[in-house]
Amino acid sequence: MDYLSRIKKPITAELNNFIQLFDTSLSHSDGLLSQVLEHIRYRAGKRMRPMLILLVAKAFGTINDATQNASVGLELLHTASLVHDDVVDESGERRGQASVNATYNNKVAVLVGDYILSTALLYVSFTHSEVIVRRLAELGRTLSNGEILQLTNIQSQEISEEIYFRVIEQKTAALFEACAAVGALSVGASEKKVAAAEKFGSDIGIIFQIRDDIFDYYDSTAIGKPTGNDMAEGKLTLPVIYALRSAGDETMMSLARKVKTREINTDEIARLVAFTKANGGIEYAEQRMNEYRKSAMAFIDTYVSDLGIKSALTAYVDFIIDRNI
């Protein structure tokens with residue numbers, strides 16, 4: 001059985017219910033808005049974040065309406081943030097498919113992103129849980145702050161692993177952290193279990209982002225971005241940060257500074273990518289992923305007793321590490 005089948009096995013019915021509810025939330029009768037929402041529904045991913053909410057909720061209790069509405073609210077917030085991010089990054093594609101701003105224009109993308117964000121607030125209000133509403137509001141602030149921090153970091157000449165982790169903790173890990181916490185909250189889990197779920201979600205989010213960053217050092221049409229795309233956008237990720245720090249090569253450091261100023265060309269990016277691979281950058285990033293995997297597995301071993309959920313969450317962690325898209 002593949003990873004995704006194992007992940008879905010104990011939550012098949014609940015996941016189908018989520019998909020129906022989510023598709024309903026992204027439906028509208030008006031012409032242009034209906035078209036754009038359909039475009040967004042069409043490019044739906046693997047539902048990794050809703051599956052995390054459902055699995056954590058089922059680990060600690062029984063999935064209910066609050067769980068499902070919270071799942072839709074969080075996925076809508078994530079969707080809105082991606083629509084807005086593509087405008088900020090001037091991205092023409094997301095995961096190999098045309099972005100909203102490329103298909104329509106920036107004005108439409110911003111307005112539709114706002115519409116989806118408002119719909120997220122509506123659905124999370126259906127949970128009738130003040131603490132879950134608060135978590136969604138806090139998450140929105142954190143994701144926005146992470147984007148601003150990333151923009152600030154691009155403009156800064158400082159190259160730091162510490163800043164790299166600060167950015168991904170707010171941009172990616174915070175979303176998985178909120179999903180796991182909300183899953184636990186929706187079924188009335190204790191404060192101790194909610195806190196443990198938060199840490200588990202954060203570990204998963206960091207693994208997810210490091211794996212995404214490793215993709216940038218290899219060419220694959222399946223991933224939907226060319227090799228070195230992050231560098232072309234002014235971003236230095238964990239593999240190259242490690243290689244620069246460990247090798248102490250001033251020529252490569254000069255190229256890294258050109259990444260920051262967006263003055264680097266494709267040949268220079270190729271040199272930095274090759275340098276990163278030759279100086280242990282990929283291996284170091286994989287080592288860090290495995291450190292977070294150990295922490296995530298400790299949560300599963302300690303807090304998850306149901307064998308089906310344990311198998312699904314283990315497959316979830318392994319899928320994120322081993323995936324190639």
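Along the sequence shown, residues are numbered consecutively beginning with 1. All values reported here derive from a predicted model rather than from experimental measurement.
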Has Arg271 got more than 12 heavy atoms of other residues, nucleotides or ligands less than 6.0 Å from its CZ?
no

Can you confirm whether the side chains of Asn145 and Thr142 place a donor and an acceptor under 3.5 Å from each other?
no

May I ask you to check whether Asp322 and Tyr3 show a side-chain donor-acceptor distance below 3.5 Å?
yes

State yes or no: do Ile214 and Leu238 share one hydrophobic cluster built from I, L, V, M, F, W and Y residues joined by side-chain heavy-atom distances below 4.5 Å, directly or via other members?
yes

Hey, what do you get for OG1 (Thr276) to OH (Tyr242), rounding to the nearest 0.5 Å?
11.5 Å

Among Ile, Leu, Val, Met, Phe, Trp and Tyr joined by side-chain contacts under 4.5 Å, find the other residues sharing a cluster with Leu185 and list them by chain and number.
Ile53, Leu74, Leu77, Leu117, Leu121, Val124, Val131, Ile132, Val133, Leu136, Leu139, Leu143, Leu175, Val182, Val194

Report the residue from Met289, Arg288, Arg293, Lys294 that forms a side-chain contact (heavy atoms from CB on, under 4.5 Å) with Glu291.
Arg288

For the CD atom on Glu38, are there more than 12 heavy atoms of other groups (residues, nucleotides or ligands in this structure) within a distance under 6.0 Å?
no

Testing the basics here: between Pro10 and Leu55, what is the closest heavy-atom pair and its distance to 0.1 Å?
CG-CD2, 3.9 Å

Under 3.5 Å, side chain of Lys171 to main-chain N/O of Gly146, donor-acceptor pair present?
no

Any salt bridge between Asp203 and Lys199, counting N to O under 4.0 Å?
yes

Measure up the Phe18 and Phe22 rings against each other and bin them: parallel (under 30°), tilted (30 to 60°), perpendicular (over 60°).
parallel

Quick one: name the residues clustered hydrophobically with Leu149, using the 4.5 Å side-chain heavy-atom rule over I, L, V, M, F, W, Y, and just say none if it's on its own.
Ile163, Val167

So that I can tick it off, tell me whether Glu75 and Arg49 are bridged by a salt bridge, with the cut-off set at under 4.0 angstrom between side-chain N and carboxylate O.
no

Going by the salt bridge (Lys or Arg N to Asp or Glu O under 4.0 Å) test, which pairs reach into residues 52-72, not counting sequence neighbours?
Glu14-Lys58

Distance-only, no hydrogens or angles: does the Asp216 side chain make a donor-acceptor pair with backbone N or O of Asn229 under 3.5 Å?
yes

Short question: side chain of Glu233, backbone of Asp230 - any donor-acceptor pair under 3.5 Å?
no

Which distance, rounded to the nearest 0.5 Å, do you find between the CD1 of Ile40 and the CD of Gln35?
12.0 Å

Is it possible for you to check whether Arg245 lies under 6.0 Å from the centre of the six-membered ring of Tyr284, through NZ or CZ, and within 45° of that ring's axis?
yes

Is the side chain of Lys193 donor-acceptor paired with the backbone N or O of Gly188 at a distance under 3.5 Å, no angle test?
no

Determine the interplanar angle of the Phe60 and Tyr303 rings, folded into 0 to 90°, and report it as parallel if under 30°, tilted if 30 to 60°, perpendicular if over 60°.
perpendicular

Only residue of Lys235, Arg166, Lys260 satisfying side chain to side chain donor-acceptor pair (under 3.5 Å) with Asn153 is Lys260

Assess the residue pair Arg323 and Asp212 against the criterion (salt bridge (Lys or Arg N to Asp or Glu O under 4.0 Å)); give the C-alpha distance rounded to whole Å, side-chain angles, the decisive distance to 0.1 Å, and a yes or no.
CA-CA 9 Å; Arg323 68 197 169 99; Asp212 248 20; 3.2 Å; yes

Aromatic contact between Tyr316 and Phe319, with the criterion being ring centroids under 6.0 Å apart: yes or no?
no

Between CG of Leu15 and NZ of Lys9, what distance do you get to the nearest 0.5 Å?
15.5 Å

